[in-house]
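Working notes for the structure below.
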2 protein chains.
Amino acid sequence: MRTDLLRRCGYFHNLPADILASAASSAQLRHVPGGEFFFRQGEPASHFYVLAAGNARLSQITPEGRQIIMGLIGPPHEIGIIAAIAGAIYPLDLQATQDSQGLAWDRDALRALLEAHPVLALRALHMVSGRFVELQDRYRELATERVERRLARAILRLAAQASRPEADGVTIAVRLARQDLAELTGTTLFTVSRTLSAWEDAGIVRSGRERVTLCDPARLTAIAEDLPG
Amino acid sequence: MRTDLLRRCGYFHNLPADILASAASSAQLRHVPGGEFFFRQGEPASHFYVLAAGNARLSQITPEGRQIIMGLIGPPHEIGIIAAIAGAIYPLDLQATQDSQGLAWDRDALRALLEAHPVLALRALHMVSGRFVELQDRYRELATERVERRLARAILRLAAQASRPEADGVTIAVRLARQDLAELTGTTLFTVSRTLSAWEDAGIVRSGRERVTLCDPARLTAIAEDLPG
DNA sequence: CGTTCGCTTGAACTAATTCAAGATAAGTGG
DNA sequence: CCACTTATCTTGAATTAGTTCAAGCGAACG
């Protein structure tokens, strides 16, 4: 079942069985209870992970202690390739938001894999490049767009990532506090709360404690893209 | 002299002579007059460049037409590896700000190089990873820090990158309009102007038309790091 | 049943933007 | 060399988006 997991993640997708097998066999399974950390910002970068089960949060802490969330991830998602390859230390935290499991390769195992299968180095380059372009886009958003629009985008992104249908819309399938949305969009919990209240009055979303339900995705998209209506 | 240039840039640094030679010989030299574009956002990504001479600006245009600057670069700087490897299109503009020259590898040449010399794929991974971590830090800055601080950082970064000593300080060695600084820090030309005026009154910088001179780097660092004094 | 945690809302405040007007400096052509 | 034109920059005043702080609500949880 390890190879099945790998097959489902972009990094290992469509690779020959022998590569998958050798990758799967050189990984260790690590269990991390909800709230605990896979790794913390500043620690020596020791492992490359593929999240196998659960959910996790990638975040950075500013020198002043303010936190910002770089991403919320679910399985199967690759994390730490950059650190494990290039960097001496992890540049951010990876915290399990529920009980989670990850396949972990230490640096030696990763290096051995990359050397034995050069295609994995190219794949890694693809993956990191793709993430770079995404991050660049989010940087531009942050530099040029208003909070409401950034929040709309963030919610749509999360809904696309993990949502479950309900009677009156789709609910984002992870616990999502106002504070999380604030740290995800670079604003405050108060502004998020006000914005969600306004959207709720307009019938675009319904929301409650750590929960957001999308009722009218089209109108939220209109806000995200700054369309009329 | 091509190999000398390559030797000076991180991507090719400390490689065996045969690799340098093969890289140098498969590149084409391209001249781009000041103001013209090496490539534009949205175009098919055809080449990987190493800027050989001149200066250039990496920028994105928002759908609304607002521009943001992702970086100002001088020789020798590698650009386009992400696009040429991974992407179908360039995700941003590369505009020469003065008459410039670049070594250019088309996709076939690049692929051949990477296949012949696997170390180049690993190097590329390193390079992109490093840029990713940098961008992540700038993202955090943008999300959490005030304009004055971001501006201080941007100016210090530019001064470190390219500056020339003068009677009363170091001058940033590229033409740098208020508008450029605004697009680099995610603010407006007016706010930049006011901030620079205040700093000038305080004796921290001197500035004029498209020019900034650092008089008291220590105090600017204090602003950038939010230290007392 | 009370405490805690997350959420809402109001009111005051502030950083930054927007717009307008004018100053300064750099080319340009006579 | 000078007037003319253009681009860059400065500054003030009005405005606004968003923050901060304080108070209170309501659902979850022991």
Side-chain angles (χ1 to χ4, degrees), chain A residues 34-35 57 62 64-69 97-98 141-155 171-172 174-202 204-213 223 226, chain B residues 34-35 57 62 64-69 97-98 141-155 171-172 174-202 204-213 223 226:
Chain A
R57 165 191 314 179
T62 70
E64 287 76 30
R66 190 168 157 189
Q67 184 172 237
I68 78 150
I69 298 179
T97 47
Q98 330 166 349
E141 283 175 24
L142 193 54
T144 61
E145 291 172 8
R146 301 265 151 101
V147 168
E148 187 182 27
R149 226 170 137 181
R150 303 205 302 269
L151 189 59
R153 273 191 216 276
I155 287 175
T171 295
I172 291 173
V174 293
R175 292 171 58 138
L176 194 62
R178 301 290 179 270
Q179 180 69 34
D180 292 328
L181 282 169
E183 288 172 3
L184 210 41
T185 49
T187 181
T188 62
L189 124 85
F190 309 101
T191 302
V192 171
S193 177
R194 279 182 237 279
T195 306
L196 287 179
S197 295
W199 287 348
E200 188 144 8
D201 291 347
I204 299 172
V205 303
R206 289 196 319 117
S207 70
R209 197 186 177 87
E210 296 184 313
R211 183 185 54 76
V212 177
T213 304
I223 292 170
D226 201 23
Chain B
R57 165 191 316 181
T62 71
E64 286 77 30
R66 191 168 156 189
Q67 184 172 237
I68 79 150
I69 298 179
T97 48
Q98 328 166 352
E141 283 176 24
L142 192 56
T144 61
E145 291 171 8
R146 301 262 149 101
V147 167
E148 188 182 26
R149 226 170 137 180
R150 302 204 304 268
L151 189 59
R153 273 191 216 277
I155 287 176
T171 295
I172 290 174
V174 293
R175 291 171 60 137
L176 194 62
R178 300 290 178 269
Q179 181 69 33
D180 293 328
L181 282 169
E183 288 172 3
L184 210 43
T185 49
T187 181
T188 62
L189 120 89
F190 308 101
T191 302
V192 171
S193 179
R194 279 181 238 278
T195 306
L196 287 179
S197 295
W199 287 348
E200 186 144 8
D201 292 346
I204 298 172
V205 303
R206 288 196 320 117
S207 70
R209 197 187 177 87
E210 297 184 310
R211 183 185 53 76
V212 176
T213 303
I223 292 169
D226 201 22

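Nothing here was measured: the structure is a model prediction, and the numbers come from that model. We name chains A, B, ... by the order of the sequence lines, and we start the count at 1 in each one.
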Gap between atoms [atom1] and [atom2], on [X] and [N] respectively (whole Å):
X: Glu183(A); N: dG6(C); atom1: CD; atom2: P; answer: 12 Å
X: Glu210(A); N: dC5(C); atom1: CD; atom2: P; answer: 12 Å
X: Leu196(A); N: dG18(D); atom1: CG; atom2: P; answer: 14 Å
X: Arg175(A); N: dC7(C); atom1: CZ; atom2: C1'; answer: 14 Å
X: Arg211(B); N: dT8(D); atom1: CZ; atom2: P; answer: 16 Å
X: Leu181(A); N: dT8(C); atom1: CG; atom2: P; answer: 11 Å
X: Leu189(A); N: dT9(C); atom1: CG; atom2: P; answer: 13 Å
X: Arg206(B); N: dT10(D); atom1: CZ; atom2: P; answer: 13 Å

Quick one: is Ser197(A) getting a side-chain N or O under 4.0 Å of the dT9(C) phosphate, OP1 or OP2?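 Answer yes for this pair, as a side-chain N or O of Ser197(A) is under 4.0 Å from OP1 or OP2.
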Any donor-acceptor pair under 3.5 Å linking the side chain of [X] with the backbone of [Y]?
X: Asp180(B); Y: Ala177(B); answer: yes
X: Ser197(B); Y: Ser193(B); answer: yes
X: Arg150(B); Y: Thr185(B); answer: yes

Any Thr144(B) side-chain heavy atom under 4.5 Å of Ile68(A) side chain: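 With C-beta onward as the side chain, the pair touches.
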With sugar-phosphate meaning primed atoms plus P, OP1 and OP2, does Arg178(B) contact a base, only sugar-phosphate, or nothing at under 4.0 Å between heavy atoms?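 Sugar-phosphate contact only - Arg178(B) comes under 4.0 Å of backbone atoms but never of a base.
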Where along nucleotides 16-23 of chain C does protein come under 4.0 Å, by heavy atom, of base (B) or sugar-phosphate alone (S), with - for untouched nucleotides? SBBBB---
If every non-hydrogen atom of Ser207(B) is compared with every non-hydrogen atom of Arg178(B), which pair is closest and at what distance?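 Looking at all heavy atoms of both residues, the shortest contact is OG-NH2, 3.0 Å.
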Can you give me the closest heavy-atom contact between Ala182(A) and Leu189(A), atom names plus distance?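 In this case the closest contact between Ala182(A) and Leu189(A) is CB-N, 3.5 Å.
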